Every structure is written in structure tokens, then in C-alpha cells.
Amino acid sequence: MKKVYFLSSLMLLSFFIEAQPVPSIVGPGKAINPYKYAIIKNANYTRAAVSSAHPLASLVGAHMMKQGGNAFDAAIATQLALAVVYPGAGNIGGGGFLLARRNNGELLGLDYREVAPGAATKDLYLDEKGNPNISLSRNGHLASGIPGTIAGLFATMPYAKLPFAKLVQPAIDLAEKGFVISEREANGLNNYKESFLKYNTRPIAFVKEGKWKSGDTLVQKELAETLKRIQKYGASGFYEGETAKLIVEEMRRGNGIISLEDLKNYTAKLREPIKFTYRDHDIISFAPPSSGGILIAQMLKMIEQFPVSSYGFQTRKSVQLMIEAERRAFADRAEHLGDPDFWKVPVDTLISNTYLTRRMKDYDPDKAGVSSQVKAGIISESKETTHLSVIDAQGNMVSVTTTLNTGYGSKTVVGGAGFLLNNEMDDFSVKPGVPNVFGALGGEANAIVPGKRMLSSMTPTLMLKNKKSYLTIGTPGGTTIPTSVFQALVNLIDFKMDLDNAINKPKFHHQWFPDEVLIERDFSPETRKQLEAMGYKIKETSPLGRTEGIRILTNGKREAVADKRGDDSVAGF
Ligand code: DON
């Protein structure tokens with residue numbers, strides 16, 4: 001794995017750019033009006049499109065492409081805007097994965113996942129008796145890994161065309177001038193008010209007297225100043241100097257352990273993407289430390305030997321087969337997957353046809369599987385995230401999933417710097433057999449080690465058609481991410497749905513343990529009954545994922561779809 005070394009030259013570059021102020025595109029009567037905007041769920045654009053969790057962020061990305069930028073410029077600017085307008089998951093205090101295919105066929109997998117602080121230990125979240133204290137891995141100062149997002153954005157810069165100063169300016173303006181919040185955001189901020197008060201020692205922008213309501217303006221002055229430091233000094237405006245000092249001071253006020261050295265040492269890494277075919281479709285997804293790419297490869301290849309389309313969409317037969325594939329893939333996740341720099345992940349075996357055919361040997365179409373009887377395969381070698389998809393006029397495709405982990409991360413805002421820190425440490429296995437917040441199990445492969453990346457389920461994914469750019473897709477949802485992407489791909493490939501239906505049709509989820517099937521409220525009641533009659537335990541759950549996808553139609557148009565399940569919105573031209 002190569003490290004990404006070009007951060008310092010970019011810092012220098014942004015220093016020179018800083019001399020000229022960047023004109024603002026944010027304000028009433030300007031390209032982006034933060035006080036009046038609409039949600040667009042589905043549109044076909046002639047040249048370029050963005051789909052993200054927030055209308056303003058999608059507009060910012062599309063605007064950058066209109067100004068001569070490419071899909072990478074759009075992805076950088078959209079992520080920065082999301083850090084302001086979508087504080088529950090958009091972030092500079094978290095991390096993510098960017099997967100891209102340039103129009104010349106080159107693939108890029110950029111890993112900017114958080115890492116465990118240098119002072120972290122395997123037993124960090126266990127008390128003297130060895131019992132886990134999961135509140136510490138989920139809330140407050142000790143829950144955070146070293147943020148990777150800003151390093152990731154600067155590692156993306158060599159592929160972009162516009163200066164960073166220009167890409168970050170809309171985010172600065174949105175933070176400084178404020179933007180109007182939706183009902184969903186107002187509810188989010190109100191629901192977490194108590195936690196915000198509990199886990200912060202300084203006044204923060206997310207707490208106000210009384211309740212937030214839709215139409216209120218959220219202003220984030222301290223965040224604007226942090227973004228300006230990044231605009232001025234590049235990545236060192238975050239990992240060193242004033243911002244780093246504020247992070248470490250915040251740690252001292254809580255029980256946090258992130259140090260100046262941890263911040264200075266953080267690097268984004270290049271990862272070789274996971275590539276495979278499913279029914280002659282070329283699919284590309286993210287490699288460890290995300291489990292996502294391996295999981296969707298496993299699930300798709302486990303069902304490839306069956307005539308899924310003839311079973312029909314969400315019939316008992318097709319759903320049961322897919323549940324059993326999901327169960328087996330998640331059993332492998334718990335045993336075999338972790339940060340590849342610390343744990344040997346048998347990638348080739350895990351996604352090989354021979355192994356996956358063997359894995360389905362005990363599959364019985366007439367009987368519900370039982371997780372306690374399904375173990376990980378034996379191999380001889382040793383809830384709040386956000387996704388954005390972009391395709392530009394040249395056919396460059398970018399797929400980014402980024403997160404603070406659960407909604408509003410650790411709930412701790414860096415005092416004086418105005419951004420939320422992640423609670424990603426909970427994605428490590430705090431103790432074998434103790435599930436994380438998403439119920440995922442793990443062991444040695446995903447144990448805490450200083451400098452190690454915690455295993456993720458994020459699954460930014462691309463698909464080609466006739467070896468050319470075709471689809472970019474992904475979603476939030478913790479462990480339900482790979483199963484949502486899996487089902488969207490099966491909907492497109494086997495059930496020949498258009499992108500809107502592939503994304504918005506009801507979804508289901510099984511993850512080995514707990515041994516139950518989660519279904520969305522609009523899942524077929526008939527199929528549910530039939531599965532229950534077979535012995536499956538079925539539970540209705542809140543919406544599964546918020547998938548953003550764009551594909552290139554045969555007429556060259558960019559069909560952009562934003563999931564119906566949130567405020568997600570597309571933009572383009
Ligand atoms: O990396 C992961 O798998 C989790 N931290 C993602 C969390 C997530 O998707 C929450 N969103 N709904």
C-alpha cells in the first residue's frame with residue numbers, strides 16, 4: 001500500500017492562492033441561495049450530475065463542474081458543503097472512502113478512514129472486570145478516532161482541476177452566513193439536544209434556547225473559521241496549528257486521548273479496489289479496511305449460480321436466497337476482515353468462485369438457515385453516514401461514502417473549532433463477542449491497535465457497461481450498507497429495474513447475528529408471511545439506507561437519483 005505524500009506541496013500551493021479572495025456564490029440572488037432551495041429526487045442531465053444527502057451540497061458540486069471543474073472537484077466541494085449543511089454525517093471530524101474511475105479507465109481507491117489514537121489499547125473500553133463500557137466507545141471524547149477527511153480531500157486534489165480555495169469557499173459561506181434547515185434536520189438537532197449538552201463543555205451552534213424548527217437558520221461561525229484556516233494553510237490548517245491545538249484542548253476537557261502527534265501523523269492511503277464480475281457486469285467496490293466491497297462480491301457471487309430473475313422480485317424464493325447469502329457473508333466479515341495493514345485479509349479466496357460455491361453448499365431453498373450453525377468459512381491462508389455520487393461531462397465517476405459513525409458522531413464539538421468529532425472507535429471490536437452499535441461482531445482481525453483503521457461497512461461502488469463508465473452508487477446505514485447496495489445491484493441486473501426503482505423499492509437485511517431479518521415497512525406482507533412460515537424471524541425496521549446513484553443512459557444523459565428516504569437531492573446541468 002502506498003502512502004499519499006503530496007500533502008505538503010499542496011499546502012504550499014493553497015498558501016499562494018490564498019492571496020486572492022474567492023468571490024462568493026452563496027447568498028440570495030447568487031448561484032446558491034441557502035435560504036430557499038428545493039429537493040429534487042430524480043432528473044436526467046445532459047452533461048454532469050451530483051446526488052447527495054442535501055440539496056445545497058449537490059448544488060455546490062454541480063456548480064463546480066459548471067465552472068470547469070470535474071467530478072473530483074465536485075466530490076471535494078460537495079463533501080465540504082455537507083460538513084456544514086448536514087452536520088449529522090457530513091464531516092471534517094470523521095473519515096471516509098472515495099472510489100473513482102477516470103474516463104481513461106484508471107481506478108482510484110482512496111482510504112481516509114479514521115485510525116485509533118497512539119494511546120489506544122486493546123482494552124480501552126473494558127472496565128477492571130473486563131466488561132465493556134460501550135457508552136465510552138459511542139459518546140464523548142474517548143469515542144473518536146483520528147479524523148481522515150481533510151487528508152482525504154487533499155489526496156483527491158491532484159485529480160481535480162480547480163484550486164482548493166475555490167472548492168472550500170461555498171462551505172465557508174454556508175457556515176458563516178447560515179442556511180435554512182429542513183424539518184428533518186430540526187428534529188435531528190432537537191433529539192440530540194440532551195447529548196449535546198452532556199458531551200460538550202463549550203457553547204455550540206447546534207444548541208439553542210427552545211426547539212429548532214424547519215425554516216430556522218443555522219449559523220456556524222467557528223466552523224467557518226476552521227474552514228478558512230484549511231483554505232489558508234491546506235491540510236496543516238487542520239492537522240497542525242490552531243485547529244490541532246483546539247482538538248487537543250477539547251480532549252483535555254473530556255477524557256479523550258487524541259494527541260498533536262496523532263494528528264500530524266495521519267495519512268490517507270491508496271487501496272487497490274475490489275473488482276469482480278456478476279452476470280457479465282464489471283463491478284468495482286472498496287477494499288479493506290472496508291468490508292463493503294468483499295461483502296457485495298460475496299453476496300452477488302453466492303447467488304450468481306441461481307436463476308434469480310425467474311424467481312421474481314421480492315418473492316419468497318428470491319428473498320430467501322439473498323438472506324442466506326447475506327448471512328454467510330457477514331459470518332466471514334466477523335472472522336476474516338480488518339485493517340489489511342494489521343491483519344492478513346484473504347481477499348482473493350473470499351471472493352473466489354470456488355470458495356463461494358462451497359459456501360452455498362448447505363443452502364436449502366425449503367428451510368430457514370440458522371446462524372448458530374453457520375460459521376465463517378475456513379481459509380487456509382492465514383447510524384449516520386452519507387454517500388455522494390458524481391458523474392461529470394467527461395465520464396469520470398466518483399463514489400464517496402463518508403461518516404462520523406452514528407448521527408452527529410461522538411456528539412462532542414471541538415470547542416472554538418465548531419465541528420463534531422466522530423465516534424468511529426465503536427467500529428472496532430471492543431471485545432470478541434460484544435457487538436458494535438450496528439450489532440456487528442468481530443474478533444482479533446478488528447481488535448484495537450494504535451494507528452489501526454477500524455473495519456467499516458461503507459461500500460462506495462461503481463459499475464461498467466461494455467467496459468465503459470456506467471453507474472456510481474452507495475449509501476449510509478452501517479451494516480445495512482452492503483446489503484442495500486447488493487439489493488440495488490440485483491434490482492438493476494436481475495430484475496431490470498430503472499435506477500429510481502432499484503433504489504427506492506423496499507429493502508431487507510440479514511447480518512448473521514442477530515439471527516433475524518429486518519424489513520422496511522413497505523416490504524411485501526405476503527412474502528413476509530411466507531418467510532415467517534419457514535421459520536425466519538422478521539422485524540420491521542426504520543428505513544434502510546439512503547442510496548444515491550447516477551448512471552449514464554444509452555443517449556448519454558446522466559440519470560441521477562436521490563433516495564426517497566431522506567432530504568437527499570440531485571443537481572446537474
Ligand atoms: O464505517 C461504518 O461501517 C460505519 N461507521 C457506518 C455508519 C453508518 O453508516 C451510519 N449510518 N447510517
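Keep in mind that the numbers below use all heavy atoms, side chains included, and drop hydrogens, waters and symmetry copies. Values in this document were obtained by computation on a predicted structure and should not be read as measured data. For ligands, and for the atoms within them, numbers begin at 1 and follow the listed sequence.
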If you count the atoms of ligand 1 from 1 in the order shown, which ones are under 4.0 Å from a heavy atom of Gly478?
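Per the distance check, 6 (C), 7 (C), 8 (C), 9 (O), 10 (C), 11 (N).
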Below 3.5 Å, N or O to N or O, backbone or side chain included: is there any such pair between Ser456 and ligand 1?
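Looking only at distances, the answer is yes, because the N/O contact criterion of under 3.5 Å is met.
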Heavy-atom distances under 4.0 Å decide this one: backbone, side chain, both or neither, for Arg113 against ligand 1?
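Only the side chain of Arg113 comes within reach of ligand 1.
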Under 4.0 Å, heavy-atom basis, I'd like to know which part of Ile481 is in contact with ligand 1: side chain, backbone, both or neither.
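The answer is the side chain.
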Partner residues of Thr401 under the side chain to side chain donor-acceptor pair (under 3.5 Å) criterion, sequence neighbours left out
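Side chain to side chain donor-acceptor pair (under 3.5 Å) list for Thr401, sorted by chain: His387.
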Keeping Lys507 on the side-chain end and Ser484 on the backbone end, is there a donor-acceptor pair under 3.5 Å?
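No; judged by distance alone, with no hydrogens or angles, the pair does not exist.
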Can you find an N/O atom of Gly477 closer than 3.5 Å to an N/O atom of ligand 1?
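It does: an N or O of Gly477 is found under 3.5 Å from an N or O of ligand 1.
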Please state whether the rings of His54 and Tyr37 are parallel, tilted or perpendicular, taking 30° and 60° as the class boundaries.
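Taking Tyr37 first and then His54, their aromatic rings sit tilted (interplane angle of 30° to 60°).
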Check each heavy atom of Asp427 against ligand 1 and say whether those closer than 4.0 Å belong to the side chain, the backbone, both or neither.
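Asp427 to ligand 1: side-chain contact only, backbone stays beyond 4.0 Å.
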Counting N and O atoms only, with roles assigned by atom type, does the side chain of Asn42 sit under 3.5 Å from a partner on the main chain of Val561, one being a donor and the other an acceptor?
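A pair under 3.5 Å: no.
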Under 3.5 Å donor-acceptor, Ser291 side chain and Ser456 backbone:
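Between the backbone of Ser456 and the side chain of Ser291 there is a qualifying donor-acceptor contact (under 3.5 Å).
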Tell me which part of Glu424 gets within contact of ligand 1: side chain, backbone, both or neither, using heavy atoms under 4.0 Å.
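It is the side chain that touches ligand 1; the backbone stays farther off.
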Just say parallel, tilted or perpendicular for the rings of Phe286 and Phe97, cut-offs at 30° and 60°.
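Phe286 and Phe97: tilted rings.
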For ligand 1, which is the ligand I care about here, please tell me if Thr403 has any N or O atom under 3.5 Å from one of the ligand's N or O atoms.
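It does not: no N or O of Thr403 is found under 3.5 Å from an N or O of ligand 1.
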Per-atom contacts, ligand 1 versus Glu384 - under 4.0 Å to a heavy atom:
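With Glu384 as reference, the close atoms of ligand 1 come out as 8 (C), 10 (C), 11 (N), 12 (N).
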Look at the rings of His509 and Phe330 and say which category their plane angle falls in: under 30° parallel, 30 to 60° tilted, over 60° perpendicular.
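Judged by the thresholds at 30° and 60°, the geometry between His509 and Phe330 is perpendicular.
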Listed by chain and number, what are the salt bridge (charged side-chain N to carboxylate O under 4.0 Å, His left out) partners of Glu326, not counting sequence neighbours?
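Partners of Glu326 by the salt bridge (charged side-chain N to carboxylate O under 4.0 Å, His left out) criterion come out as none, since no residue qualifies.
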Give the atom numbers and elements of ligand 1 that come within less than 4.0 Å of a heavy atom of Met458.
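Listed by number with element: 1 (O), 3 (O).
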Near Ser457, which atoms of ligand 1 are under 4.0 Å from a heavy atom of that residue?
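Once the distances to Ser457 are compared, the set is 1 (O), 2 (C), 3 (O).
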